Amino acid sequence: MLSPVLFLAALISASALCLFTLSLKRDKVVGHSTLAAIRGLLSPQGSGLPELLAQRARPNQRLVRAFGITNTFVSSSTSIHQSFVAAARALLNKANARGWEHFRDLTAQAVQIELAQHSDKIIEYSTFVQSITLRVILVGLLGADSSVEDFSREDILTASNHINQLWALSKNPATIPSHLLPQLNASLRRLLPNVKSFPNPVDIVVPAWETFWRVVAISVAYSHSDPRLQQVFTDLYTSPQGATFKGEHLTDTDTPISAKDIVNEAMRLHPPSKHIGRLAQLRFPFRFFPTSVITLFVKFVSPSAVYVKEYADVQGVLLSPDIWGQDAAQFNPWRYGVVPSADSGSQQDALGFIFGGGKTKCIGASWAPVAAGVVCSAIFDELDNSGFAIQSGSVIGGRDGWVGWCLTKIR
Ligand code: HEM
Ligand SMILES: *[C@@H]1O[C@H](CO)[C@@H](O)[C@H](O)[C@H]1NC(C)=O
């Protein structure tokens, strides 16, 4: 009779050979570009939370390498998920309790500080938005125990610059300059000295700020030269409420457009997460193998023999002419008219994926767009008061690509 050990050995060798051959072909990434396929990827039938967390954590190991992140984005632990989400939710609840007027006033102060640093010079646009949003997120969301003007300018600049730089570096396999993370850590620690609340500041600052600053930068960039959009932000500045953001105060005679429409349209054309990646483990034959054997496969056969790399093509559905019509590539916040169009269900679903989906959908999804709108409104108000104007560059940027964009003193 064949001994079980021998049988297992034979099975493993045969599987290794088959998978090696298959993996040579399978070394590609599967993109999902329809609403149904994205839903299926983000909420797979029959997968529990531990499996979802593992599928997200595997491709995110690049964030461990670049930032030393230890939060739920890089871990398959349900207890880390539970505690991180609970802590982040508590911060959002506290921010909501302080109210949008408070948040607006913090931003106005932050803008004044940034403008005061350069009373007669030209200010670089992306640095300007990064610094304001970081100050405001630190105080207005994370509840840092200081006021927006107390932070060292040096630390604000280092933290924003290094987060953006490390994010870009995390995307390619080259070694990362070793001074960046210690410098980032040190700046963030001075900005958030409470070690008990923030044991590893990058864990919360990166998810709360990294996407947020770009949504503000893009929304301001699209709105600064259009008086109709300026009016929308003036209304929001005057009455910073969720209802104003949604345009509930608008009557038939008003321009039927809200700050929400503007921010949604900015995020549609420039989604902060263009692709949401997942790395699932093949069920067959690994269901039958212990973890140690799977580790050997990854090491000696190929990672692509064990895992399937997939991503939700969020940008794809946000730009799809099937969902958005022929002007899908144009900035047109009026498209979200008061009368729901035939496609409005699909459009809302597509917009929802900007914040992920399923059990790990962003918990800031309803807070962040309002916060971005309020920050935009305060930026416009303060620029108006101070005599600075925004000069456009040739294209709207993302994490970088803001060459030519600046603020100049016009009076
Ligand atoms: C415009 C700004 C934002 C965008 C576009 C955004 C986007 C996302 C996306 C796409 C995910 C899902 C990631 C995945 O499953 O792979 C996510 C998750 C998450 N986001 Fe956001 N986010 C934003 C702002 C924020 C803010 C301000 C917070 C602050 C508390 C936050 C906290 C979280 C948390 C805790 C999760 C993980 C939820 C879970 O695992 O259950 N996000 N975000
Ligand atoms: C960054 O800070 C965290 C938390 O203080 C620490 O655990 C980690 O070792 C630091 N990493 C580097 C490279 O400085």
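Excluded from the calculations below are hydrogen atoms, water molecules and symmetry mates; all remaining heavy atoms, backbone and side chain alike, are included. Counting starts at 1 for both ligands and their atoms, following the listed order. The structure displayed is predicted, hence computed values, not measured ones.
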I need the contact type for Q82 against ligand 1. Using non-hydrogen atoms and a strict under-4.0 Å cut-off, is it side chain, backbone, both or neither?
neither

Aromatic plane relationship, F67 with W167 - under 30° parallel, 30 to 60° tilted, over 60° perpendicular
tilted

Among protein heavy atoms, which sits nearest to atom 40 (O) of ligand 1, and what does the distance come to when rounded to 0.1 Å?
R56 NH2, 2.6 Å

Tell me, which protein residue and heavy-atom name are nearest atom 8 (C) of ligand 1, and how many Å apart are they?
C362 CB, 3.6 Å

Taking only Lys NZ, Arg NE, NH1 and NH2, and the carboxylate oxygens of Asp or Glu, determine whether E114 and R135 approach each other closer than 4.0 Å.
yes

Aromatic rings Y222 and H270: how do their planes relate, parallel, tilted or perpendicular, breaks at 30° and 60°?
tilted

I'd like to check I354 versus P272 (side-chain heavy atoms, cut-off strictly below 4.5 Å). Are they in contact?
yes

Any salt bridge between D349 and R39, counting N to O under 4.0 Å?
yes

Per the under 4.0 Å non-hydrogen criterion, ligand 2 touches L181, P182, N185, P199, N200

Report yes or no: is the cationic atom of R98 (NZ for Lys, CZ for Arg) closer than 6.0 Å to the six-membered ring centre of F103, at no more than 45° off its axis?
no

Per-pair distances, 0.1 Å, donor-acceptor, side chain in residues 368-387, under 3.5 Å, sequence neighbours excluded:
{"residue": "S377", "atom": "OG", "partner": "V374", "partner atom": "O", "Å": "2.8"}
{"residue": "D381", "atom": "OD2", "partner": "Y237", "partner atom": "OH", "Å": "3.4"}
{"residue": "D381", "atom": "OD2", "partner": "N385", "partner atom": "ND2", "Å": "3.3"}
{"residue": "E382", "atom": "OE1", "partner": "Q112", "partner atom": "NE2", "Å": "3.2"}
{"residue": "E382", "atom": "OE2", "partner": "Q112", "partner atom": "NE2", "Å": "3.3"}
{"residue": "N385", "atom": "ND2", "partner": "D381", "partner atom": "O", "Å": "3.3"}
{"residue": "S386", "atom": "OG", "partner": "E382", "partner atom": "O", "Å": "3.0"}
{"residue": "S386", "atom": "OG", "partner": "L383", "partner atom": "O", "Å": "3.2"}

Any idea which of I137, T360, I80 brings a heavy atom closest to atom 12 (C) of ligand 1?
T360

